[in-house]
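Just so it is clear, the values below take in all heavy atoms, side chains as well, and ignore hydrogens, waters and symmetry mates. Chain A is the first sequence line, chain B the second, and so forth, proteins listed ahead of strands; every chain is numbered from 1.
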Amino acid sequence: MLDIKVIRKNLAWAKEKLATRGIKAAKLDQLVEIDAKRRQAISESEQLKAQRNDASAAIAAAKRQKQDASAAIAAMRTVGGKIKQLDAAISELASQQQDLLLRLPNFPADSDPIGPDESYNEEVRKWHETTTFNFKPLAHWDLGTKLDILDWDRAAKVSGARFVYYKGAGALLERAVFNFFLDENTKAGYTEIIPPYLVNDHSMQGTGQFPKFREDVYTIVDNDDPDKPLDLTLIPTAEVPLVNYFRNEIIHGEKLPINVTALSPAFRSEAGSAGRDTRGLIRMHEFRKVEMVKVCRPEESWNELDKLIHNAEHLLQKLGLPYHVVALSTGDASFTSAKTFDLEVWMPAQDKYREISSCSNCTDFQARRAQIRYRDDDGKLHLAHTLNGSGLAVGRTVAAILENYQNQDGTITVPEALVPYMNGMTKIVKETSLI
RNA sequence: GGAGGAUUACCCAAGUGGCUUAAGGGAACGGUCUUGAAAACCGUCAGGCGGGUUCUGCUCGCGCGUGGGUUCAAAUCCCACAUCCUCCUCCA
């Protein structure tokens, strides 16, 4: 959430910044107008309350001395009515203001490439030449099916489109990948967490998914009354329970920066992406992801963003997967982010890079929504900055390994870093059928 | 899912409508004493958010789990919800 005071004081600047994210100037005019009315009403109400408090003290004193106070009581009755009216108006204005504010994205950083969509993203650096083959590489979904380690048909039968079974060496590979990630992240100083995978609406609002992106997630309903949603949503990313761990907390300054990592399933409705990436592991309703989250002081957050990206890059480098780093444009970056770098891994069969990690500095945007604060040496409270990044998306990593490490005979060479995690297995060969 | 009980500061806890500007104790912090420490004694210790402002100060409002309500006036009375505890039921 943006700070209304910042918008109020720097209206022209705010309009210009948010225009690059597709927000119309009229929205901000409307916002500051409501804010002005609200503050006016607060001022009036509080004057009356001060008056009422004085009168109440006088009434109490009179009563104690057994004197009559009925005139003062009658006078206060009308004041009380006015206060009630003003307070109702204030809460209506406050909720209008909140509704508008909750739907405004974060201010983009000055360094963000300006543009409405991903075509304005800028490549920052590239690691390793893209993989070449002396045969035509297969897509990971074909490799997975031929090896009988990924089963799309039975997942479609059991759950529907965009679900998959991992089997045998496939399941082992998935497990090897996430255990490798968790171990590496822990070595890099992140504390491992196993969070809840269902969270309440306050948490979804705290990290910025609600109210704007309700249609992107799965919310649990009451079985006795399916029209009634329960206050529980399947997490679309571990970022939600990790960041909300700190919600409404005051952190000791010396604890910062805090680094946490978690493996979790991620559930996404993929509303609006019909027809895109319909095959393979790229776009699933349910996938596993290892997430990294940082909570830090404002002055550290840009440096911490660099560290976060390097932590994610380190994983791809150890796996030997070619990738590049892309700075997202103002229009492509996520709602909560001031600056986002995507890591895109090379997918040979598709002959292009695909997103495998998204590393963002959310500045104080989530901290203000979620009230994540710290007390520093000066004894004062400050909003923290929050950062998040995938480290990494597990299914997409498996897809990249299958495609980049495939051999002409259809087997997969296991990346060296994963061999210990695969119980010494160096090559994935065709599984025997279960049925 | 059912029945009871609870929720006040870092911890324990008093407080059943107006002299509560929320008692008291412990912890913590500062000081006196001491070579140093302990003890004793003295002091500080109810957070924070919001409004106004001539702006690092002053002032007003709100703050006793959360949100409503009653009242001239609510920690205190009423309603709803959340969380925790005990018991029953169910359960990996």
Over how many whole Å does the gap from [X] atom [atom1] to [N] atom [atom2] extend?
| X | N | atom1 | atom2 | value |
| --- | --- | --- | --- | --- |
| A:Gln98 | B:rC49 | CD | P | 16 Å |
| A:Ile4 | B:rG51 | CD1 | P | 10 Å |
| A:Gln47 | B:rG51 | CD | P | 15 Å |
| A:Ile372 | B:rC49 | CD1 | C1' | 18 Å |
| A:Arg38 | B:rG61 | CZ | C1' | 13 Å |
| A:Asp68 | B:rG18 | CG | P | 20 Å |
| A:His382 | B:rG48 | NE2 | C1' | 14 Å |

| field | Contact list for residues 242-254 of chain A, test salt bridge (Lys or Arg N to Asp or Glu O under 4.0 Å), sequence neighbours left out | value | none

| Test side-chain hydrogen bond (donor to acceptor under 3.5 Å, both in side chains) applied to A:Lys17 and A:Asp110, A:Thr330, A:Asn10, A:Asp112, the passing residue | A:Asp110

| Taking A:Asp332 for the side chain and A:Asn121 for the main chain, is one N or O donor matched with an acceptor at less than 3.5 Å? | no

| said: So does A:Met1 get a backbone contact from the side chain of A:Arg368, meaning a donor-acceptor N/O pair under 3.5 Å? | reply: yes

Could you check whether [X] gets within reach of a base, just the sugar-phosphate, or nothing at all, counting any heavy atom under 4.0 Å?
| X | value |
| --- | --- |
| A:Ala72 | nothing |
| A:Arg368 | nothing |
| A:Leu381 | sugar-phosphate |

Is any side-chain nitrogen or oxygen of [X] closer than 4.0 Å to OP1 or OP2 of [N]?
| X | N | value |
| --- | --- | --- |
| A:Arg39 | B:rG52 | yes |
| A:Asn53 | B:rC62 | yes |
| A:Arg8 | B:rG51 | yes |
| A:Arg52 | B:rA73 | yes |

From the set [options], return the single nucleotide nearest to any side-chain atom of [X].
| X | options | answer |
| --- | --- | --- |
| A:Arg375 | B:rC60, B:rG48, B:rC62 | B:rG48 |
| A:Ile59 | B:rG61, B:rG51, B:rC72 | B:rC72 |
| A:Lys84 | B:rC49, B:rC62, B:rU70 | B:rU70 |
| A:Ala60 | B:rG18, B:rC49, B:rC72 | B:rG18 |
| A:Ile42 | B:rC60, B:rG52, B:rG50 | B:rG50 |
| A:Lys49 | B:rG52, B:rC72, B:rG61 | B:rG61 |
| A:Arg373 | B:rC49, B:rG50, B:rG61 | B:rC49 |
| A:Ser56 | B:rC72, B:rG50, B:rG48 | B:rC72 |

| field | Pair A:Phe267 + A:Tyr197: ring centers closer than 6.0 Å | value | no

| query | Is A:Glu46 side chain donor-acceptor paired with the B:rG50 base, going by distance under 3.5 Å alone? | reply | yes

| note | The salt bridge (charged side-chain N to carboxylate O under 4.0 Å, His left out) partners of A:Arg21 (sequence neighbours excluded) come to none

| task | Stems involving RNA chain B: give each as a range paired with a range, ordered by first number, where a stem means at least three consecutive Watson-Crick or G-U wobble pairs under 3.5 Å. | result | B:1-7 with B:82-88, B:10-12 with B:24-26, B:28-32 with B:40-44, B:48-53 with B:57-62, B:65-69 with B:77-81

| query | Does a salt bridge link A:Asp151 with A:Lys157, judged by any charged N lying under 4.0 Å from a carboxylate O? | reply | no

| Mind checking whether A:Glu300 and A:His385 have side chains closer than 4.5 Å, heavy atoms only? | no

